[in-house]
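First the structure, in the form of structure tokens, and then the observations on it.
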Amino acid sequence: MDVNYFILLFSAVSFVFYGINSLFSKKMATEYERWGFKNQRIILGFCQLLGGLGLLVGLMAPILLSITSFLLTCMMLTAVFVRIQIKEPFVKMLPAMLYVVLNSFIFYNSVL
């Protein structure tokens with residue numbers, strides 16, 4: 001399996017899973033409240049779910065892959081800044097930072 005393909009699948013499945021959890025998990029509802037996004041949880045969950053699905057569909061539609069990976073990079077950069085703003089420990093920021101890197105990599109490779 002190609003490394004680019006593995007990274008794309010990993011990110012896509014992660015966002016689909018995280019989006020579903022954002023919509024239905026009580027623990028995630030508590031996290032969104034802690035982050036200051038209690039009222040935006042549903043829309044953000046749908047954005048994550050659609051982002052993951054967009055990466056998968058982007059395998060067949062390169063322009064969609066570029067748009068989706070760029071938007072997910074922006075979303076995760078925002079997540080990093082939110083965690084900095086609420087003074088979360090660095091270790092808790094690492095997943096968001098990882099997805100910034102992964103989706104930046106997907107975006108970069110999609111526009112080449």
Side-chain angles (χ1 to χ4, degrees):
M1 180 184 306
D2 181 349
V3 172
N4 295 337
Y5 185 72
F6 176 78
I7 290 171
L8 191 148
L9 282 181
F10 178 79
S11 184
V13 170
S14 296
F15 275 101
V16 168
F17 181 76
Y18 203 83
I20 291 169
N21 275 335
S22 294
L23 295 172
F24 300 109
S25 167
K26 291 182 190 231
K27 181 180 185 286
M28 288 306 298
T30 304
E31 287 294 291
Y32 277 90
E33 187 172 349
R34 187 172 65 86
W35 296 328
F37 289 93
K38 177 182 178 181
N39 296 330
Q40 293 84 12
R41 179 179 60 88
I42 301 299
I43 188 80
L44 290 171
F46 274 115
C47 287
Q48 292 161 354
L49 182 59
L50 291 173
L53 294 173
L55 289 177
L56 294 173
V57 174
L59 289 168
M60 296 173 282
I63 188 69
L64 184 60
L65 181 60
S66 296
I67 292 167
T68 304
S69 58
F70 176 76
L71 292 174
L72 287 173
T73 299
C74 293
M75 178 186 279
M76 296 317 296
L77 266 174
T78 302
V80 170
F81 288 122
V82 166
R83 285 165 172 80
I84 291 169
Q85 185 178 22
I86 65 169
K87 296 177 177 33
E88 222 171 38
F90 180 75
V91 170
K92 288 194 163 203
M93 291 182 216
L94 288 176
M97 296 166 94
L98 171 69
Y99 285 102
V100 169
V101 171
L102 293 179
N103 285 288
S104 296
F105 180 79
I106 294 167
F107 175 68
Y108 176 78
N109 286 319
S110 72
V111 294
L112 285 181

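Computed from heavy atoms alone, side chains included, the values below leave out hydrogens, waters and symmetry copies.
- In the displayed structure, Phe70 atom CZ is contacted under 6.0 Å by at most 12 heavy atoms of other residues, nucleotides or ligands.
- The number of heavy atoms from other shown groups lying within 6.0 Å of CD1 (Ile43) does not exceed 12.
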Would you sort out whether Glu88 and Arg34 count as a salt bridge (charged side-chain N to carboxylate O under 4.0 Å, His left out), showing the intermediate values? CA-CA 11 Å; Glu88 222 171 38; Arg34 187 172 65 86; 2.6 Å; yes
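- Here the CD atom belonging to Gln40 is positioned 12.5 Å from the OG atom belonging to Ser22, to the nearest 0.5 angstrom.
- Distance check: Leu44 CG to Met28 CE gives 10.0 Å after rounding to the nearest 0.5 Å.
- Ser66 and Ser110 make their closest contact through OG-OG, 2.8 Å (heavy atoms, listed as atom of the first residue, atom of the second, distance).
- For Val80 against Ala96, the heavy-atom pair with the smallest separation is CG2-CB, 3.7 Å.
- Tested against Phe15 for a side-chain contact (heavy atoms from CB on, under 4.5 Å), the candidates Leu49, Leu53, Asn103 yield a single pass: Asn103.
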Given the rule in the side-chain contact (heavy atoms from CB on, under 4.5 Å) test, do Leu56 and Leu9 qualify, once you have shown the distances and angles that lead to the verdict? CA-CA 7 Å; Leu56 294 173; Leu9 282 181; 3.7 Å; yes
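- The CG atom of Asn21 sits 11.5 Å away from atom CD of Glu31, with the distance rounded to the nearest 0.5 Å.
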Please evaluate residues Asn109 and Leu112 with respect to the criterion side-chain contact (heavy atoms from CB on, under 4.5 Å), reporting the C-alpha separation (whole Å), side-chain torsions for both, the decisive distance (0.1 Å), and the verdict. CA-CA 5 Å; Asn109 286 319; Leu112 285 181; 3.9 Å; yes
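- In this structure, Thr73 OG1 and Phe105 CZ are separated by 12.0 Å, a value rounded to the nearest 0.5 Å.
- Closest approach of Met93 to Ile84, counting heavy atoms only: SD-CG1, 3.7 Å.
- Ring planes of Tyr32 and Trp35: perpendicular class, angle over 60° (limits at 30 and 60°).
- The two residues Met75 and Gln48 come nearest to each other via the heavy atoms SD-CG, 3.8 Å.
- By the rule that hydrophobic residues join a cluster once side-chain heavy atoms approach within less than 4.5 Å of another member, Phe90 and Met76 end up as members of one cluster.
- Membership of the apolar cluster around Val57 extends to Leu64, as traced through chained side-chain contacts below 4.5 Å between ILVMFWY residues.
- With rounding to the nearest 0.5 angstrom, the OG1 atom of Thr30 is 9.5 Å from the NZ atom of Lys38.
- With no hydrogens or angles considered, no side-chain donor-acceptor pair links Tyr99 and Ser11 at under 3.5 Å.
- Note: the hydrophobic cluster containing Tyr5 does not contain Met60 (ILVMFWY, side chain heavy atoms under 4.5 Å, direct or indirect links).
- Grouping the Ile, Leu, Val, Met, Phe, Trp and Tyr side chains by contacts below 4.5 angstrom, directly or via other members, places Phe37 with Tyr18.
- In this structure, Leu8 and Ile106 approach most closely via the heavy-atom pair CA-CD1, 3.7 Å.
- Taking all atoms of both residues into account, the shortest heavy-atom contact from Leu65 to Gly58 is CB-O, 3.6 Å.
- Side-chain heavy atoms closer than 4.5 Å link hydrophobic residues (I, L, V, M, F, W, Y) into clusters, and following such links, even through other members, never connects Phe24 to Leu50.
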Kindly determine whether Thr68 and Phe107 satisfy side-chain contact (heavy atoms from CB on, under 4.5 Å), including the steps that lead there. CA-CA 8 Å; Thr68 304; Phe107 175 68; over 6 Å; no
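- Hydrophobic cluster membership is shared by Ile7 and Leu98, with clusters built from Ile, Leu, Val, Met, Phe, Trp and Tyr side chains linked at under 4.5 angstrom.
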